[in-house]
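Everything numeric in this text was worked out from a predicted model, so none of it was measured.
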Amino acid sequence: MRAIFNSWDTKYKQPFGATQANTSVKWAVEVDEEIQEITLWLTKNNESPVAYPMTFNDESKMYETSVKISSSGLYYYYFNIKQNDQFYFLERSQDGFGDGEITQDGRDIRTFQLTCYDRTVPQAPWYTQGVVYQIFPDRFNNGNPHGEIQGRKKDSFIYATKEDSPYYIKDGHGDIARWDFFGGNLEGIRQKIPYLKDLGVTAIYLNPIFQASSNHRYDTQDFMKIDPMLGTEEDFKNLIKDLHKNRIALILDGVFNHVGADSKYFLSAVTDKTGPYYSWFNFINYPTKYQSWWGVTTLPEVNKNNADYQNFICGPDGVLAKWTRMHVDGWRLDVADELPMPLLREIRERLQNEDCHVLIGEVWEDASHKFVNSEFRTYMAGDNLTGTMNYPVRNFIVSLLQANNETEEVAALNDLEKLVENYPKAFLENCLNNIGTHDTARIKTVLGGDEQLVALTFGLLFSIPGVPCIYYGDEAGLEGDKDPDNRRYFPWGKESDFLEKEVKELAHWRRENRALVDGKVGYVKIAYGINALVRYNQRELVIYCYNKTDQDMILDAGKLQPYCLPEKIAELVSDILDQESVAQKAYLLKTFKLDRNEKE
């Protein structure tokens, strides 16, 4: 018996991917032999499975059923087939790309996922159509006249040269004894706006800028003050003003899960139980033992369910209101999966009240089925985050370029395909894609210093659904292993001309081809080390074909294997790529305007 189902093909499932609550979903299965019955088993998380019998449609020659998905949440499904009084299970294929596979083993069935959301998240055109640049403020540029460093901190040191490698000085307990600084500041960022604009950047995301002891500033001392080493509130306003003059938006980093042990809030709590901040913290043995982030005592955790603290962050005169009213365009939330869902909703509501519609959460996994302490996190619902930092995209790109054979490449492509299927379209397009951040090794180091391969990662980054984000210095060829080595100072005057040119071209390419913003995605498997990502909408078709091998390649349409593409689009892609040449460790960009007969 052969049973055919593919969750990516609207012939078998409509609509594709995630669906909105109160929408009917239609499933269809094709079976090549006579059977007694077939049933769709659909289970919502934490609820009992429900069976939906499928009936044979004489016109389509398939077994079909439609189900109205009445409430948002996480659903799983598979099909049960009865033939000759024996039961078979149609589960998700290990090979992926939405295909089903028959098994008689009913244990550990590989179910298909269905994400259901309440409402579509807002999309800000400046963001979804843009290119974001992440800056670690201390390591980007010092804009003072003679490189002076203001706001020097007690028990810290400043590097002798900008070429020094970051290094932690730790005490006998393994704690950092002296924080290290290079002296980058807000004025330095403002002075480099022409560089960012020339690169094609349309928004910058800044790691924390509020007063703190460390160089990373995730140990906030005062949420209402700019760190004096970075400058003043006036410097911040001038930066925003000049960014906006140059049509560059600003995204800030919100660190609301914990504060510094030397913060005004925690110091008050450990000295005065009657003070305003005592209830913000969870003391185990007052005042010396308390709940802290991952056991790091310098980062005491805040009681995020405390109403006073929530008002401090989200109230009309709170942290978000103060800075957003200075025309901040969006926010990124640190460790979003450690913030309670009600607080995430409050943050979103406050930002909406301030006409700010970009709220990106730090979530490292597939956020559509994220659980924290056995609690399902409803990120896709539409009432909290508008997108996430898309670390799975980094994993996909690195896996694809480091794959040792075609099987590993197909597995990587399948991982991306599942992400596209699991996320609501608008949410996916809002995700902040990266190939490196302050928490990962530099992409050039990961790829063994090969700038040609780094260029391919940028091409893939700009081809995938979501907003491309460049970690400062990656486009300049900056190297670095894990933290703190990945936070070196920007190599001004020693940048990689090759990589900067590649990024400029890709930014222009994305700006000129809307399909890279809102288009559907498919893939073409050509040969080991040679693949193509395809984006298409109602107006245009865009192809990014890369060759990571050491051999030039002439493409043969007869050997192309399309995945997740409608038949007409697949045929068109084959025609376009046939006999095209892709040089070794290089890529090919092709665009094509569609007419009515070529649309899906």
Item to complete: Would you please test Asn531 and Tyr546 for side chain to side chain donor-acceptor pair (under 3.5 Å) and show each step?
Response: CA-CA 6 Å; Asn531 299 285; Tyr546 76 90; 2.8 Å; yes

Requested in this report: For ring-ring contact (aromatic ring centres under 6.0 Å, His included), just list the numbers for Trp41 and Tyr52, CA-CA rounded to whole Å, side-chain angles, deciding distance to a tenth of an Å, and then say yes or no.
Outcome: CA-CA 6 Å; Trp41 282 94; Tyr52 296 93; 9.0 Å; no

**Stepwise side chain to side chain contact (heavy atoms under 4.5 Å, CB included) check, Tyr78 with Thr43** = CA-CA 9 Å; Tyr78 67 93; Thr43 306; 5.8 Å; no

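In this pair, Phe112 and Phe5 present their aromatic rings perpendicular. The plane angle is above 60°, beyond the 30 to 60° band. Below 30°, between 30° and 60°, or above 60°: for Phe376 and Phe371 the angle between ring planes is between 30° and 60°, a tilted geometry.
Atom CD of Glu34 has 12 or fewer heavy atoms from other residues, nucleotides or ligands within 6.0 Å. Heavy atoms from other residues, nucleotides or ligands lying under 6.0 Å from CD of Gln94 number 12 at most. In this structure, Asp108 places its CG atom where only 12 or fewer heavy-atom neighbours from other residues, nucleotides or ligands lie under 6.0 Å away. With a 6.0 Å radius and a threshold of 12 heavy atoms from other residues, nucleotides or ligands, Lys504 has its NZ atom above the threshold. More than 12 non-hydrogen atoms from other residues, nucleotides or ligands lie less than 6.0 angstrom from NZ of Lys82.
Between Ile554 and Gln579, some side-chain heavy-atom pair lies under the 4.5 Å cut-off.
Asn547 CG to Leu588 CG: the interatomic distance, rounded to the nearest 0.5 Å, is 10.5 Å.
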